[in-house]
There are 2 protein chains.
Amino acid sequence: MDIEKSFREKGVRLTHQRRVLIDTLRDAHRAMTAQELYKEASMAWPHINFSTIYRNIETLKSVGLICEMTDGTGNTLFAYRDEEEHHHHLVCKNCGKTISFDFCPLIELKQVLDETGFMPTGHRFEVYGYCKECRKDRL
Amino acid sequence: MDIEKSFREKGVRLTHQRRVLIDTLRDAHRAMTAQELYKEASMAWPHINFSTIYRNIETLKSVGLICEMTDGTGNTLFAYRDEEEHHHHLVCKNCGKTISFDFCPLIELKQVLDETGFMPTGHRFEVYGYCKECRKDRL
DNA sequence: CCTCCAGTTGCAAATTATTTGCATCTACAC
DNA sequence: GTGTAGATGCAAATAATTTGCAACTGGAGG
Ligand SMILES: [Mn+2]
Ligand SMILES: [Mn+2]
Ligand SMILES: [Zn+2]
Ligand SMILES: [Zn+2]
């Protein structure tokens, strides 16, 4: 489905800067930090500002156009989401390439690792939410 | 096994500051940010410095005494590791309490969620390592 | 015990990452 | 076209993390 429509539906404007960010991430085919995104996007739109990057990372996440992930060393990365449903990622510590797979934890990774040839050196699996007590507090 | 021994084995000194950090995290029974850790530790050792916190987070991770995790909103948290083998966490977005469980992804979470009463609102599962190409590059 | 020195700390300052206020601008509904 | 709520640029504030360096100290060895 088209981007313009999903933006309109959410009451979010499709500005030139946002198009630049989306294109930059889509064409890069890799995950990058906010800093890298700024640098890359600057080429297509020289006056783009860092606050625009950060503000739009939130916007694009909420529209579902980008994914956020970490690189395993404390850096936050962003990547184009490309119509995918809920999924997870293999993040290369060396080149930053991300390989997404569409099943949620719980299922053996062996097949994905074999298929992709990815060699895992570490991983992270976290569930966020509310514990039994806090769950009550919020009602 | 005792801490003193594992420190000695790694050629790492067991300083008063490190004892304070370990005690602080162990007694807290929750995960906390570097800033919170600094604040808490300062009570037991007033002159402790932020650079000592950050430098020792690395040290204590390498000795296996603490775990690093994120709270799902971009903050990095640290918790006492307490003899546990490889495991994962449920991190409460409200109180910061962490509930660790000892099986690695791949297995249904249903049982843990039922047992703990934890209500998930999101999760993260990431595998770090080297992709097929980069794997070759490193040999 | 005492000595000695590599490892560690405190401090201050540098970096890096992220957020915010505000005046100006612009996408787009009408 | 016009009006306006939402978005941007800019500059400055905050927050988070790292570093250089001189002073200090844990603990191995005598
Ligand atoms: Mn998932
Ligand atoms: Mn695991
Ligand atoms: Zn790679
Ligand atoms: Zn809780």
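A note on names: the letters A, B, ... follow the listed sequences, proteins ahead of strands, and every chain is numbered from 1.
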In this structure, how many angstroms lie between the P atom of D:dA7 and the CD1 atom of A:I22, rounded?
13 Å
Here the distance between atom C1' of D:dT8 and atom CD1 of A:I48, to the nearest Å, is 9 Å
Pick the nucleotide of DNA chain D nearest each of A:G11 and B:F7; which residue has the one closer to the 5' end?
A:G11
Contacts of B:L14 and B:A34 projected onto DNA chain D by closest heavy atom; the upstream (5') one is B:A34
Check the phosphate of C:dT16 against A:Q35, side-chain N and O only, distance under 4.0 Å to OP1 or OP2. Yes or no?
no
Is there a side-chain polar atom (N or O) of A:T15 under 4.0 Å from OP1 or OP2 of D:dT8?
yes
Quick one: does A:R18 reach the base of D:dA7 with a side-chain donor-acceptor pair under 3.5 Å?
no
Indicate yes or no for a side-chain donor-acceptor contact from B:S42 to the backbone of B:Y38 under 3.5 Å, with no hydrogens or angles considered.
yes
B:R18 side chain vs B:N56 backbone, donor-acceptor pair below 3.5 Å:
no
Rounded to the nearest 0.5 Å, what's the gap from CG on A:L37 to OH on A:Y54? Could you check?
9.5 Å
Trace of the side chain to side chain contact (heavy atoms under 4.5 Å, CB included) decision for A:T59 with A:R55:
CA-CA 7 Å; A:T59 305; A:R55 288 191 276 230; 5.5 Å; no
Rounded to whole Å, please give me the gap between CD in A:E9 and P in C:dA29.
12 Å
Would A:L65 and A:D82 count as a side chain to side chain contact (heavy atoms under 4.5 Å, CB included) here? Give the steps.
CA-CA 7 Å; A:L65 271 175; A:D82 199 17; over 6 Å; no
Between A:R8 (CZ) and C:dC28 (C1'), how many Å, whole number?
10 Å
Kindly determine whether B:I53 and B:L21 satisfy side chain to side chain contact (heavy atoms under 4.5 Å, CB included), including the steps that lead there.
CA-CA 8 Å; B:I53 304 290; B:L21 292 178; 3.5 Å; yes
Round to the nearest Å and state the distance from A:K5 atom NZ to C:dA29 atom P.
14 Å
Between C:dA27 atom C1' and A:I3 atom CD1, what is the distance in whole Å?
16 Å
Most 5' of A:H16 and B:Q17 on DNA chain C, judged by nearest nucleotide
B:Q17
What is the distance, rounded to the nearest whole Å, between atom CZ of A:R19 and atom C1' of D:dA7?
14 Å
Is B:H47 touching bases, backbone alone, or none of the nucleic acid, heavy atoms closer than 4.0 Å?
sugar-phosphate
Heavy-atom donor-acceptor pair, B:K10 side chain to B:K5 backbone, under 3.5 Å
no
Do B:R13 side-chain and C:dG7 base share a donor-acceptor contact under 3.5 Å?
yes
Measure the distance from CD on A:E36 to P on C:dA17 and round it to the nearest whole Å.
10 Å
With the threshold set at under 4.0 Å for non-hydrogen atoms, list the residues of residues 49-57 of chain B touching DNA chain C in residue-number order.
B:N49, B:S51, B:T52, B:R55, B:N56
